[in-house]
Visitor: 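Mind looking over this structure? Questions follow.
Just so it is clear: chains get the letters A, B, ... in the order the sequence lines come, proteins before strands, and each one is counted from 1. Bear in mind that the values here come from a model prediction, so they are computed numbers and not experimental data.
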2 protein chains.
Amino acid sequence: MDIRQLRYFIAIAEEGQITAAAKRLQMAQPPLSQQLKQMEDELGVALVERIGKRIELTEAGATLYKQALNITHQLEEALTEVKETGDGIRGMLSIGVSALSAYRLPEQIRQYQQHYPLIRYQVWKGDTQLLSDWLEKRTIEVAIVRLPHSLGNCVTIPLEEEPFVLIVPAGSPLSMNNEIAMRDVAQHPLIMPSTPGLGIYEMLTKEFTRLGVSPHVICECPDISLTVSLVAAGVATALIPHSAWETHKNENIHCLMVTGTSVSSSAAIVWHAERHLSKAARHFIEMFAPKTGAPDS
Amino acid sequence: MDIRQLRYFIAIAEEGQITAAAKRLQMAQPPLSQQLKQMEDELGVALVERIGKRIELTEAGATLYKQALNITHQLEEALTEVKETGDGIRGMLSIGVSALSAYRLPEQIRQYQQHYPLIRYQVWKGDTQLLSDWLEKRTIEVAIVRLPHSLGNCVTIPLEEEPFVLIVPAGSPLSMNNEIAMRDVAQHPLIMPSTPGLGIYEMLTKEFTRLGVSPHVICECPDISLTVSLVAAGVATALIPHSAWETHKNENIHCLMVTGTSVSSSAAIVWHAERHLSKAARHFIEMFAPKTGAPDS
DNA sequence: TACATCCATATGAAAAAAGTATGAAAGACA
DNA sequence: TGTCTTTCATACTTTTTTCATATGGATGTA
């Protein structure tokens, strides 16, 4: 019993007549009679009652008709679902973000949602090492990280660059100013939005070294919102990407532009170089890193 | 896309390998590869990812796998349901009963249920004319009526015969006796469990005429339990089939055997002579009129 | 590097499905 | 009642689909 036969039977049931059903199916009548008989033989059950010229469903036939409708509908829906999944307009998109990039994600997903409303998401947050593991294990398909990263065997597409800003507690003397030189940042207690070994930490440290100063790091905190809270509480100052300031700003902290340095932060979308990327992931990359064009697999 | 291909895909998905899937399906590997490719072409979607020797499902493939499991299971269940319906162990059995036979039905259905637990019922109650209409319109498949009936074009299988009894109010003088002659029944106010034109009414009337007496009919009531209530209330006496007495007896009425007459009541199962009888209906007939054997269509 | 394993392609054989021709039975209508 | 039409079933042929065998390329392994 296959789908084709179910469709045949639906036509027969609805037309109430083999000849008409054959016409509707655009086929000759004899093969349809044959198929009907074959179905009855296979099931060992009479599906129709031959009353002279007319034909009428038996109870078993009526049961089969209902079920056949169900099944063919379900199959159709299944196929469109598969097609949509293949086309990337339906399915699961699993994304990993580093702590410093996490704040961007909600807006990105909201935007993506408007174009692809059927997509569902898995969002993971973790440090570079975890992201790398997750990419490897396919827990996530793409990751959004801060550059520089240390992920091996990955395609990296940088998003726009942005400067670092220094955030300080609202009441502190520094909050009178609107900018500060990078080398002067070293004079103030500093929270690093990262930990040793990670890209940002190393990059900032290197920059201070280049300027011949040594920062007064009193805290390392790889969670951006916690970092901001610490600053708001007056614990210290912190260097964070400008956009992170935009999303976390409040009346308890003040922001200073940092001058006299070229270090900047740049987020990037990365994914495993030798892996199949789902259409959904490609769409995501296209939307947020459109200049590069979407990779072709 | 047909069921066969879904089964193929299930095997491929579960084995994770075309060769192994082919072995499990007891077929050669090349045609399976072909079918897989054909499915991908039809859907316009990659279902598996060829990673060197290995094969892995894409998201679309995983979606198809889940749906394929659903659909094949549903098909299997549908087919067994159709078979069972055809075999008469599942489905709808619609039965009509006359008022005088209704009291038997619950026990009959209870009994039938024990053999065919998947059968569901539609039970209708009405007079001969209604039953005839319902048989004609296929509202009901079989009817249980009192003989004689006036149903045209029907097969009739009588159930066992049973005598009429006279029921009288518990306190009445008649309740001292245990039997009464038919001709003496005419001396007492009588409720006929039927109305003119119906079989039972005519049969009883004819019998009184034959005996040269005229019954004192003060009420006609084609509802047996209402008839019994009327007697219990002391309105009159009533002639009813013995089994009706058995099911309705209570302390307010007394029962007398009727002698000096050969009239008896007999229920019968009837059905449309030229109609297809469902297996379920045949089973029902076999169970309650086994002597005749089941008719063959 | 040789070997085994797995998938893909090509080609021919077998099976299944569809088409054509035709007959029998049932309803319609003069 | 007897044609005439309609409808389903059967016999036979053609076409399509599916499967199997042979074989080559790619990948991972001893």
Side-chain angles (χ1 to χ4, degrees), chain A residues 1-43 45-58 61 64-65 68 72 136 153 272-276 297, chain B residues 1-43 45-58 61 64-65 68 72 136 153 272-276 297:
Chain A
M1 181 77 56
D2 63 3
I3 295 289
R4 185 178 43 89
Q5 287 176 306
L6 293 184
R7 291 194 213 286
Y8 288 178
F9 189 73
I10 289 173
I12 292 173
E14 291 180 352
E15 297 290 337
Q17 189 170 288
I18 295 182
T19 303
K23 188 170 291 178
R24 169 163 137 190
L25 293 167
Q26 308 199 72
M27 65 189 290
Q29 166 264 319
L32 193 54
S33 290
Q34 281 177 10
Q35 290 294 333
L36 177 59
K37 192 184 173 195
Q38 196 171 310
M39 293 171 79
E40 289 183 315
D41 289 348
E42 180 184 338
L43 291 169
V45 158
L47 296 173
V48 300
E49 205 178 327
R50 279 86 170 167
I51 310 175
K53 294 168 74 163
R54 220 167 66 266
I55 224 173
E56 203 160 305
L57 295 189
T58 62
L64 181 60
Y65 171 64
T72 52
E136 194 62 39
N153 205 16
H272 201 290
E274 291 156 356
R275 286 279 172 74
H276 167 85
S297 169
Chain B
M1 182 75 56
D2 64 2
I3 295 291
R4 185 178 45 88
Q5 287 176 306
L6 293 184
R7 290 194 212 287
Y8 287 178
F9 189 74
I10 289 173
I12 291 174
E14 291 181 351
E15 297 291 336
Q17 189 172 289
I18 296 182
T19 304
K23 190 171 289 179
R24 169 164 136 189
L25 292 166
Q26 307 198 69
M27 65 189 290
Q29 165 263 318
L32 194 54
S33 291
Q34 280 179 12
Q35 291 294 333
L36 177 59
K37 191 183 174 195
Q38 197 172 310
M39 293 171 79
E40 290 184 315
D41 290 347
E42 181 183 338
L43 291 170
V45 159
L47 297 172
V48 299
E49 207 180 326
R50 280 89 170 165
I51 311 174
K53 294 169 72 163
R54 220 168 66 267
I55 225 173
E56 203 161 305
L57 294 189
T58 62
L64 181 61
Y65 171 64
T72 52
E136 194 63 39
N153 205 18
H272 202 289
E274 291 155 358
R275 288 278 171 74
H276 167 84
S297 166

Visitor: Would you check, one step at a time, whether the test side chain to side chain contact (heavy atoms under 4.5 Å, CB included) holds for B/Leu43 with B/Met1?
Guide: CA-CA 9 Å; B/Leu43 291 170; B/Met1 182 75 56; 4.0 Å; yes
Visitor: Output the rounded distance in Å from OH (A/Tyr8) to C1' (C/dA17).
Guide: 7 Å
Visitor: Provide, to the nearest angstrom, the distance between the CD atom belonging to A/Gln38 and the C1' atom belonging to C/dA16.
Guide: 8 Å
Visitor: Using whole Å, report how far CZ of A/Arg7 lies from P of C/dA17.
Guide: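 Distance, rounded to whole Å: 15 Å.
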Visitor: Which residues pass the side-chain contact (heavy atoms from CB on, under 4.5 Å) test with A/Arg54, sequence neighbours left out?
Guide: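 A/Ile51, A/Glu56.
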Visitor: Could you tell me the separation between the OG1 atom of A/Thr72 and the CZ atom of A/Arg7, rounded to the nearest 0.5 Å?
Guide: 6.0 Å
Visitor: Quick one: how far along DNA chain D does chain B reach, first to last nucleotide 5' to 3', anything under 4.0 Å to a heavy atom?
Guide: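 Nucleotide range with atoms under 4.0 Å of chain B: D/dT18 to D/dG28.
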Visitor: List in chain and number order the residues that pass side-chain contact (heavy atoms from CB on, under 4.5 Å) with B/Arg4, two or more places apart in sequence or in another chain; answer none if no residue qualifies.
Guide: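 If we apply the side-chain contact (heavy atoms from CB on, under 4.5 Å) test to B/Arg4, skipping adjacent residues, the hits are B/Asp2, B/Tyr8, B/Gln35.
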Visitor: What string of B, S and - do you get for nucleotides 4-11 of chain C, 5' to 3', when a contact is any protein heavy atom under 4.0 Å?
Guide: -BSBBBBB
Visitor: Between B/Val48 and B/Leu36, does the side chain to side chain contact (heavy atoms under 4.5 Å, CB included) criterion hold? Intermediate values first, please.
Guide: CA-CA 9 Å; B/Val48 299; B/Leu36 177 59; 3.8 Å; yes
Visitor: Touch check for A/Gln5, heavy atoms < 4.0 angstrom, all strands: base, sugar-phosphate only, or nothing?
Guide: nothing
Visitor: The criterion is side-chain contact (heavy atoms from CB on, under 4.5 Å); which residues satisfy it with A/Glu15, sequence neighbours excluded?
Guide: A/Ala20, A/Ala21, A/Arg24
Visitor: Please identify each residue that fulfils side chain to side chain donor-acceptor pair (under 3.5 Å) with B/Glu40, with sequence neighbours left out.
Guide: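 For B/Glu40, the residues satisfying side chain to side chain donor-acceptor pair (under 3.5 Å) (neighbours in sequence not counted) are B/Arg50.
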Visitor: Taking side chain to side chain donor-acceptor pair (under 3.5 Å) as the test, write out the residues that go with A/Ser33, two or more places apart.
Guide: A/Gln29
